[in-house]
Q: 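Sending over a structure as structure tokens; questions will come in a sec.
Values in this document were obtained by computation on a predicted structure and should not be read as measured data.
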Amino acid sequence: QVQLVESGGGLVQAGGSLRLSCAASGRTFVAYVMGWFRQAPGKEREFVAAIRWNSGTTYYADAAKGRFTISRDNTKNTVYLQMSSLEPEDTAVYYCAADLSLERLRARLATYWGQGTPVTVSS
């Protein structure tokens, strides 16, 4: 089993910044793709960003391009989501996920999921 634990969520004013963390434990992630998703109340969970653990190649949803940056720290087995210029529309519970397949992960079918960390952006 793999455990993913998110942290860093909270309340932030519009235009502000926030960095989310996802700590992974239990197995090696050298061949995995890790990603961030978000789900607002009453809405479907949507893809935000992903990163290939071994190469560092990144992928972003259109809504995240230019504002969000995904990165990872190999020594800490942690993936980050740096969010800037936050808007009320970014309010959601943010989840991290991991899978061997980018396509499966982006289809919201990742094998491993964290518990989520809530982000609220006030206007």
Side-chain angles (χ1 to χ4, degrees):
Q1 290 291 102
V2 173
Q3 292 80 47
L4 303 174
V5 180
E6 303 97 331
S7 62
L11 176 65
V12 63
Q13 295 187 66
S17 300
L18 204 62
R19 189 180 75 162
L20 307 182
S21 300
C22 177
S25 62
R27 288 184 180 178
T28 180
F29 285 84
V30 294
Y32 279 74
V33 181
M34 300 188 68
W36 286 96
F37 293 77
R38 66 186 184 185
Q39 187 166 24
K43 295 186 177 180
E44 190 175 56
R45 189 171 300 186
E46 66 174 338
F47 171 77
V48 177
I51 184 168
R52 292 193 181 275
W53 189 263
N54 53 3
S55 69
T57 303
T58 58
Y59 311 86
Y60 293 96
D62 289 342
K65 292 178 181 177
R67 298 191 300 128
F68 294 2
T69 301
I70 188 170
S71 61
R72 87 265 194 254
D73 186 329
N74 293 336
T75 63
K76 295 182 173 64
N77 281 346
T78 299
V79 63
Y80 303 96
L81 184 68
Q82 179 66 51
M83 305 186 292
S84 301
S85 301
L86 286 165
E87 305 169 349
E89 292 76 15
D90 297 315
T91 295
V93 177
Y94 284 71
Y95 299 87
C96 65
D99 202 280
L100 291 169
S101 167
L102 174 64
E103 291 75 20
R104 192 160 62 209
L105 183 141
R106 294 199 61 166
R108 305 183 298 276
L109 298 173
T111 302
Y112 304 104
W113 292 88
Q115 82 289 347
T117 185
V119 172
T120 301
V121 183
S122 62
S123 59

Q: With rounding to the nearest 0.5 Å, note down the distance linking CZ in R19 to CE in M83.
A: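 So the gap between those two atoms works out to 11.5 Å.
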Q: Report the residues that fulfil side chain to side chain contact (heavy atoms under 4.5 Å, CB included) with S122, sequence neighbours left out, ordered by chain and then residue number.
A: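 Side chain to side chain contact (heavy atoms under 4.5 Å, CB included) list for S122, sorted by chain: L11, Q13.
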Q: Please report the closest heavy-atom contact between A49 and L81, naming both atoms and the distance.
A: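 Distance-wise, the nearest heavy atoms are CB-CD1, 4.3 Å.
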Q: Among Ile, Leu, Val, Met, Phe, Trp and Tyr joined by side-chain contacts under 4.5 Å, find the other residues sharing a cluster with F37 and list them by chain and number.
A: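 Taking Ile, Leu, Val, Met, Phe, Trp and Tyr as members, F37 shares its hydrophobic cluster with V33, F47, Y59, V93, Y95, L102, L105, W113.
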Q: So, using side chain to side chain contact (heavy atoms under 4.5 Å, CB included) as the criterion, who are the partners of A14 when residues are at least two apart?
A: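 So A14 forms a side chain to side chain contact (heavy atoms under 4.5 Å, CB included) with P88, V121.
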Q: Can you list every salt bridge (Lys or Arg N to Asp or Glu O under 4.0 Å) pair that touches residues 112-123, not counting sequence neighbours?
A: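 Passing the test, one end in residues 112-123: no pairs.
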Q: Identify the heavy atoms of Q82 and S17 that sit nearest to each other, and give their distance.
A: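 Closest approach of Q82 to S17: NE2-CB, 4.0 Å.
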Q: Quick check: closest heavy atoms across D73 and T75, and the distance to 0.1 Å?
A: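 Between these two residues, the closest heavy atoms are OD1-OG1, 2.7 Å.
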Q: Under the disulfide (SG to SG under 2.5 Å) rule, what pairs show up with a residue in residues 53-91, not counting sequence neighbours?
A: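 Every candidate disulfide (SG to SG under 2.5 Å) pair involving residues 53-91 fails, so no pair, neighbours aside, qualifies.
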Q: If you take all heavy atoms of S21 and T78, which pair is closest and at what distance?
A: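 Looking at all heavy atoms of both residues, the shortest contact is CB-CG2, 4.2 Å.
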Q: Can you run down the disulfide (SG to SG under 2.5 Å) pairs that involve residues 45-94, sequence neighbours left out, and say none if there aren't any?
A: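 Not a single pair qualifies under disulfide (SG to SG under 2.5 Å).
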Q: Disulfide (SG to SG under 2.5 Å): which pairs involve residues 59-93, sequence neighbours left out?
A: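 Output for this query is empty, none listed.
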Q: List for me each residue that meets side chain to side chain contact (heavy atoms under 4.5 Å, CB included) alongside S71, sequence neighbours excluded, and say none if there are none.
A: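 S71 satisfies side chain to side chain contact (heavy atoms under 4.5 Å, CB included) with Y80 only.
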Q: Taking only residues two or more places apart in sequence, or in another chain, which ones meet K43 in a salt bridge (charged side-chain N to carboxylate O under 4.0 Å, His left out)?
A: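 K43 satisfies salt bridge (charged side-chain N to carboxylate O under 4.0 Å, His left out) with no residue once adjacent residues are dropped.
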Q: How many angstroms lie between CG in D99 and OG1 in T111, if you round to the nearest 0.5 Å?
A: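 Those atoms lie 3.5 Å apart.
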Q: Could you pull out all residues at least two apart from E44 that satisfy salt bridge (charged side-chain N to carboxylate O under 4.0 Å, His left out)?
A: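 So E44 forms a salt bridge (charged side-chain N to carboxylate O under 4.0 Å, His left out) with R108.
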Q: I need the minimum non-hydrogen distance between T69 and Y60, along with the two atoms involved.
A: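 Heavy atoms of T69 and Y60 come nearest at CA-OH, 3.3 Å.
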Q: For residues 72-123, which residue pairs pass the disulfide (SG to SG under 2.5 Å) check, not counting sequence neighbours?
A: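 Passing the test, one end in residues 72-123: C22-C96.
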Q: Got a second to check how far F68's CZ is from L20's CG, nearest 0.5 Å?
A: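 Separation between the atoms: 8.5 Å.
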Q: So, the side chain of R67 versus the backbone of S85: is there a donor-acceptor pair under 3.5 Å, distance only?
A: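 A pair under 3.5 Å: yes.
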Q: How close do W36 and V79 get, counting heavy atoms only, and between which atoms?
A: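 Scanning both residues completely, I find the closest heavy atoms to be CZ2-O, 3.8 Å.
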Q: Using the side chain to side chain contact (heavy atoms under 4.5 Å, CB included) criterion, which residues pair with Q115? Sequence neighbours excluded.
A: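 Checked Q115 against side chain to side chain contact (heavy atoms under 4.5 Å, CB included); matches are V5, E6.
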Q: Given side chains that start at C-beta, do those of V119 and R38 come closer than 4.5 Å, heavy atoms only?
A: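 Result no, sub-4.5 Å side-chain heavy-atom pair not found.
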Q: Are L4 and M34 side-chain neighbours, meaning at least one heavy-atom pair lies under 4.5 Å?
A: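 Counting from C-beta outward, L4 and M34 do come under 4.5 Å.
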